[in-house]
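First the structure, in the form of structure tokens, and then the observations on it.
Every heavy atom of this structure was used, including side-chain atoms; hydrogens, water molecules and symmetry mates were not. Quantities reported herein were computed from a predicted structural model and do not represent experimental measurements.
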Amino acid sequence: LRHHGYIARGGQAIDATLVPAPKQHISKEERSQLQEGQSPDWSEAKSRQKDTDASFTKKHGKSYFGYKLSVSVDYKHGFIRGVATGTASEHDGHHFDEVLDTSNTGKQVDADKGYDSAQRREQLKALDLKDGIQRKAQKNKPLSQCQHKRNQRIAKRRAKVEHVFAGIRHMGGKHIRTIGMARAAVAMTMMAACYNLKRLASFLHRGVDAFYKAKPSKMQLRLQTAKG
């Protein structure tokens, strides 16, 4: 990307997506043994077919089993700039530091409310980055109208990272068919790399200038007309 001039610009959005894996048929007793660090009474062949690294989580009331892919995407070109992998049950914010791209020429850093914390806000301030993390309501302290509007503005910008996840899904589906964290990490990293290569090929084919300027919005055109 750097060779063709597509450096990270315009700020970034950080998010995570669930990557399902084949569900494992493990009894409660076997799962309890695994949690205690013991090995169930499995044959060598059966052990090789059991994914004991993947985990369960719930999202919007639906249960998922597998892993999680965290990324940062630059706003200017829409390329994935940072990648981190983990299991489905890990908190989204767990990999924030790993995917944060400090080389981005833009200071804006957007993320959903799952990443919100006072410590993270201080971290962005210390790095001279602009805090674009959505705020979440606290117990007995609902969000103000101003905070709601701020969250909505951030959500509109963050839509770019959802387009990236949709692009990965269209390339063959977000699904892991390997066994174990090590292989899953390689598979998810390859998903991100293939997405970038496909997008880069499209940019080169269309002759997209790395330093192109986006067309002004209707509102900007109206303001320019009014000033003129």
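Note that NZ of Lys113 is 12.5 Å distant from CD1 of Ile154, once rounded to the nearest 0.5 Å. Put simply, CG on Asp53 and CD1 on Ile179 are 10.5 Å apart, with the number rounded to the nearest 0.5 Å.
In this structure, Phe56 and Ser63 approach most closely via the heavy-atom pair CD2-OG, 3.7 Å. For Ala210 against Tyr6, the heavy-atom pair with the smallest separation is CA-CE2, 3.6 Å. In this structure, Ala137 and Pro142 approach most closely via the heavy-atom pair CB-CA, 4.1 Å. Taking each heavy atom of Ser70 and Val99 in turn, the nearest pair found is O-CG1, 3.5 Å. Between Arg150 and Ile133, the shortest heavy-atom contact is NH1-O, 2.8 Å. Shortest non-hydrogen contact noted between Ser72 and Ile14 is CB-CG1, 3.8 Å.
Here the side chains of Met191 and Val19 are in contact, with some heavy-atom distance below 4.5 Å. Between Met181 and Thr85 the shortest side-chain heavy-atom distance falls below 4.5 Å. Here the side chains of Phe165 and Val71 are in contact, with some heavy-atom distance below 4.5 Å. Taking the side chain as every heavy atom from C-beta outward, Gln123 and Leu100 approach each other to under 4.5 Å. The shortest side-chain heavy-atom distance between Tyr195 and Met190 does not fall under the 4.5 Å cut-off.
The neighbour count for Lys50 NZ, taken as heavy atoms of other residues, nucleotides or ligands under 6.0 Å away, is above 12. Atom CZ of Arg2 has 12 or fewer neighbouring heavy atoms from other residues, nucleotides or ligands inside a 6.0 Å radius.
Remark: side-chain polar atoms of Gln147 are paired, donor with acceptor, to backbone N or O of Ser144 under 3.5 angstrom. Put simply, the side chain of Ser202 never gets that close to the backbone of Lys198: no donor and acceptor are under 3.5 Å apart. The backbone N or O of Ser103 lies less than 3.5 Å from no partner atom in the side chain of Arg81, so there is not a single donor-acceptor pair. Between the Glu90 side chain and the Lys68 main chain, no donor and acceptor come within less than 3.5 Å of each other. Proximity of a side-chain donor or acceptor of Ser55 to a complementary backbone N or O of Ala88 within less than 3.5 Å is detected. A donor-acceptor contact shorter than 3.5 Å links the side chain of Arg120 to the backbone of Tyr115. Distance alone, capped at 3.5 Å, places no donor-acceptor pair between the Arg157 side chain and the Gln108 backbone. Counting only distance, with no hydrogens or angles, the side chain of Asn151 and the backbone of Arg135 share a donor-acceptor pair below 3.5 Å.
Cluster membership for Phe96 and Val161, using ILVMFWY side-chain heavy atoms within less than 4.5 angstrom, is not shared. In this structure, Val186 is not a member of the same hydrophobic cluster as Val83, with clusters built from ILVMFWY side-chain heavy atoms closer than 4.5 Å. In this structure, Leu197 is not a member of the same hydrophobic cluster as Val164, with clusters built from ILVMFWY side-chain heavy atoms closer than 4.5 Å. Transitive grouping of hydrophobic side chains (ILVMFWY, heavy atoms separated by less than 4.5 Å) brings Ile80 and Tyr67 into a common cluster.
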Checking Lys136 against Asp112 for the salt bridge (charged side-chain N to carboxylate O under 4.0 Å, His left out) test, could you report, in this order, the C-alpha distance in whole Å, the side-chain angles of both residues, the deciding distance, and whether it holds? CA-CA 9 Å; Lys136 59 182 177 183; Asp112 65 33; over 6 Å; no
Derivation of the side-chain contact (heavy atoms from CB on, under 4.5 Å) call for Tyr75 and Asn104: CA-CA 10 Å; Tyr75 277 134; Asn104 195 304; over 6 Å; no
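Ion pairing between a basic and an acidic side chain is recognised when a charged N comes within 4.0 Å of a carboxylate O; Asp74 and Lys160 show no such pairing. Residues Arg121 and Asp116 are paired through a salt bridge, judged by an N-O separation under 4.0 Å between the basic side chain and the carboxylate. Using a cutoff of 4.0 Å between basic side-chain nitrogens and carboxylate oxygens, Lys107 and Asp128 are scored as salt-bridged.
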List the atom pairs, donor and acceptor, that lie under 3.5 Å between side-chain atoms in residues 166-177 and the rest of the protein, sequence neighbours left out.
{"unit_1": "His170", "atom_1": "ND1", "unit_2": "Ala166", "atom_2": "O", "d": "3.4"}
{"unit_1": "Lys174", "atom_1": "NZ", "unit_2": "Thr17", "atom_2": "OG1", "d": "2.4"}

